[in-house]
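One structure is given here, and the rest of the page talks about it.
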Amino acid sequence: QQQLVESGGGLVQPGGSLRLSCAASGFTLDYANIGWFRQAPGKEREGVSCIDSIGRSKYADPVKGRFTISRGNAKNTVYLQMNSLKPEDTAVYYCAAVPLPLISVCMLSSPYDYWGQGTQVTVSS
């Protein structure tokens with residue numbers, strides 16, 4: 001089966017950091033576009049960051065300069081390093097993948113093929 005699993009969420013103080021991981025099983029991420037999305041209570045899901053097969057990345061304006069997406073040395077793993085966290089970053093964070101994208105550049109939009117179960121990030125004092 002093809003599966004994505006997020007991990008690394010938790011409760012942190014404002015200004016703190018977390019690193020989220022997205023691990024794929026059943027398919028390779030070598031040629032995939034990977035996106036990170038988040039959904040806060042009462043708000044629509046929004047794209048946070050994405051990375052394509054050759055490492056080109058995009059970031060949503062609210063996280064630029066604070067978050068970094070990367071492909072890990074471990075196979076089939078993508079990370080989202082989140083620094084200077086703010087209470088408004090509180091959300092369930094999801095990773096998503098397009099294993100064989102028709103367009104090489106990733107997009108911060110929702111129609112990805114596979115989605116993880118989500119990991120909760122709470123930023124509060």
Side-chain angles (χ1 to χ4, degrees):
Q1 60 179 344
Q2 296 173 307
Q3 188 175 33
L4 293 172
V5 178
E6 306 95 335
S7 62
L11 174 64
V12 297
Q13 299 278 340
S17 297
L18 285 173
R19 189 181 73 164
L20 305 183
S21 299
C22 175
S25 61
F27 67 102
T28 180
L29 297 181
D30 290 352
Y31 308 103
N33 290 343
I34 300 293
W36 283 98
F37 298 81
R38 67 186 183 186
Q39 188 165 23
K43 301 186 70 175
E44 295 182 347
R45 184 176 60 193
E46 63 176 345
V48 176
S49 183
C50 68
I51 189 167
D52 66 19
S53 62
I54 61 172
R56 295 175 295 187
S57 59
K58 295 180 180 178
Y59 298 92
D61 287 341
V63 309
K64 286 181 179 177
R66 300 189 297 120
F67 291 10
T68 303
I69 192 170
S70 62
R71 303 180 76 94
N73 290 330
K75 290 185 177 180
N76 286 341
T77 304
V78 174
Y79 301 103
L80 184 68
Q81 179 68 44
M82 305 186 296
N83 298 326
S84 302
L85 284 163
K86 304 174 181 179
E88 51 262 45
D89 295 319
T90 296
V92 177
Y93 283 71
Y94 301 88
C95 68
V98 182
L100 296 172
L102 298 177
I103 301 173
S104 60
V105 178
C106 70
M107 295 178 289
L108 295 175
S109 57
S110 60
Y112 280 63
D113 295 323
Y114 300 103
W115 293 80
Q117 83 288 349
T119 185
Q120 177 71 48
V121 172
T122 302
V123 185
S124 177
S125 59

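A quick note: this is a predicted structure, and the numbers were derived from the prediction, not measured. Numbers for residues simply follow the sequence, beginning at 1.
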To the nearest 0.5 Å, what is the distance between [atom1] ([X]) and [atom2] ([Y])?
X: Ile34; Y: Leu80; atom1: CD1; atom2: CG; value: 12.0 Å
X: Met82; Y: Ser49; atom1: CE; atom2: OG; value: 11.5 Å
X: Trp36; Y: Ile69; atom1: CH2; atom2: CD1; value: 8.0 Å
X: Asn76; Y: Gln3; atom1: CG; atom2: CD; value: 12.5 Å
X: Ser110; Y: Glu46; atom1: OG; atom2: CD; value: 12.0 Å
X: Ser17; Y: Arg66; atom1: OG; atom2: CZ; value: 10.0 Å

The criterion is ring-ring contact (aromatic ring centres under 6.0 Å, His included); which residues satisfy it with Tyr93, sequence neighbours excluded?
none
Quick one: list whatever passes ring-ring contact (aromatic ring centres under 6.0 Å, His included) with Tyr114, sequence neighbours left out.
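By the ring-ring contact (aromatic ring centres under 6.0 Å, His included) rule, Tyr114 matches Phe27.
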Side chains of [X] and [Y], heavy atoms from C-beta outward: is any pair under 4.5 Å?
X: Leu20; Y: Glu6; value: no
X: Tyr59; Y: Leu108; value: no
X: Val121; Y: Leu18; value: yes
X: Thr90; Y: Arg38; value: no
X: Ser70; Y: Gln81; value: no
X: Val92; Y: Thr119; value: no
X: Pro99; Y: Asp113; value: yes
X: Met107; Y: Asn33; value: no

Step-by-step side chain to side chain contact (heavy atoms under 4.5 Å, CB included) determination, Phe37 to Trp115:
CA-CA 10 Å; Phe37 298 81; Trp115 293 80; 3.6 Å; yes
Using only atom types and a distance under 3.5 Å, with no angle test, would you say the side chain of [X] pairs donor to acceptor with the backbone of [Y]?
X: Arg45; Y: Gln39; answer: no
X: Arg71; Y: Asp52; answer: yes
X: Thr77; Y: Ala23; answer: no

Ile103: which residues meet the side-chain contact (heavy atoms from CB on, under 4.5 Å) condition with it, sequence neighbours left out?
none
Same apolar cluster (I L V M F W Y, side chains within < 4.5 Å links), Leu29/Ile51:
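They do share one cluster, since a chain of ILVMFWY contacts under 4.5 Å joins Leu29 to Ile51.
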Which atom pair, heavy atoms only, marks the closest approach of [X] to [Y]?
X: Gly47; Y: Ala60; answer: O-CB, 3.3 Å
X: Gln117; Y: Leu4; answer: OE1-O, 3.7 Å
X: Pro101; Y: Ala32; answer: CD-CA, 4.2 Å

Test salt bridge (charged side-chain N to carboxylate O under 4.0 Å, His left out) applied to Asp89 and Lys86, step by step:
CA-CA 5 Å; Asp89 295 319; Lys86 304 174 181 179; over 6 Å; no
Listing request: all disulfide (SG to SG under 2.5 Å) pairs with a residue in residues 77-125, at least two apart in sequence or in separate chains.
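Only Cys22-Cys95, Cys50-Cys106 qualify under disulfide (SG to SG under 2.5 Å).
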Please enumerate all residues that pass salt bridge (Lys or Arg N to Asp or Glu O under 4.0 Å) together with Glu88, with sequence neighbours excluded.
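Checked Glu88 against salt bridge (Lys or Arg N to Asp or Glu O under 4.0 Å); zero matches.
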Name all residues meeting the salt bridge (Lys or Arg N to Asp or Glu O under 4.0 Å) criterion together with Arg19; count only those two or more places apart in sequence or in a different chain, and write none if there are none.
none
Verdict with supporting geometry, Phe67 and Val48, side chain to side chain contact (heavy atoms under 4.5 Å, CB included):
CA-CA 9 Å; Phe67 291 10; Val48 176; 3.6 Å; yes
